[in-house]
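Since the structure comes first, as C-alpha cells, the remarks are kept for the end.
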Amino acid sequence: YMLSLPQPEFDGIVSANVMPIIGGLAAVMDGAQKALKPGGSFIFSTLKCEGRDYHLLPQLQVFAHSRSYIEAQAKRAGLVVKGMKAAPIY
C-alpha cells in the first residue's frame, strides 16, 4: 500500500509485531520512506538477532533482525535511525 501512494501522506507510521512475520525489510523501508512526510517517524518492533542480517526462529516461526541489518536497510531507503531500544519479551 505505502509504495502505491502518489505523495507522502503520513506524519508517523507505527508497526507493532509485524516485522517478525515479514523477514526481509527492504520493501517495508522503501514504503515507509515514500509514505512519510518530511520529518515523519517510522516506529516498529521486531525480535533481535546477533551477527546475521535476519533469520527465521524455527521454534516461533517468526524472523529476528540484527541491528546492523535494520540500520543498513533504513540507510538504503533514505531513512535515518534515531534510536533503538531493547526490551524484554513477556
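Aromatic ring orientation, Phe63 versus Tyr54: perpendicular (interplanar angle above 60°, classes split at 30° and 60°).
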Only pairs under 3.5 Å count here: list side-chain donor-acceptor contacts from residues 6-16, not counting sequence neighbours, and write none if there are none.
none

Which side-chain N or O atoms in residues 23-31 pair as donor and acceptor under 3.5 Å with protein atoms at least two apart or in another chain?
| residue | atom | partner | partner atom | Å |
| --- | --- | --- | --- | --- |
| Asp30 | OD1 | Arg76 | NH1 | 3.0 |
| Asp30 | OD1 | Arg76 | NH2 | 3.0 |

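Evaluation of the side chain to side chain donor-acceptor pair (under 3.5 Å) test over residues 34-51, restricted to residues two or more places apart or in two chains, returns Thr46-His65, Lys48-Glu50. The list of salt bridge (charged side-chain N to carboxylate O under 4.0 Å, His left out) pairs with a residue in residues 61-71, not counting sequence neighbours, reads Arg67-Glu71. Among residues at least two apart or in separate chains, there is no ring pair (Phe, Tyr, Trp, His ring centres under 6.0 Å) pair with a member in residues 14-38.
Cluster annotation: Val18 and Val81 are assigned to the same hydrophobic cluster (Ile/Leu/Val/Met/Phe/Trp/Tyr, side-chain heavy-atom contacts under 4.5 Å, transitive). Using a 4.5 Å cut-off between side-chain heavy atoms of Ile, Leu, Val, Met, Phe, Trp and Tyr, with links allowed through other members, Ile21 and Leu56 fall into the same hydrophobic cluster. Hydrophobic clustering of Ile, Leu, Val, Met, Phe, Trp and Tyr side chains at less than 4.5 Å, counting indirect connections, keeps Val80 apart from Ile43. Using a 4.5 Å cut-off between side-chain heavy atoms of Ile, Leu, Val, Met, Phe, Trp and Tyr, with links allowed through other members, Leu3 and Leu79 fall into different hydrophobic clusters.
Gln73 places no side-chain N or O within 3.5 Å of a backbone atom of Ile70 that could act as its donor or acceptor partner.
Residues that satisfy the ring-ring contact (aromatic ring centres under 6.0 Å, His included) test with Phe44, not counting sequence neighbours, are Phe42.
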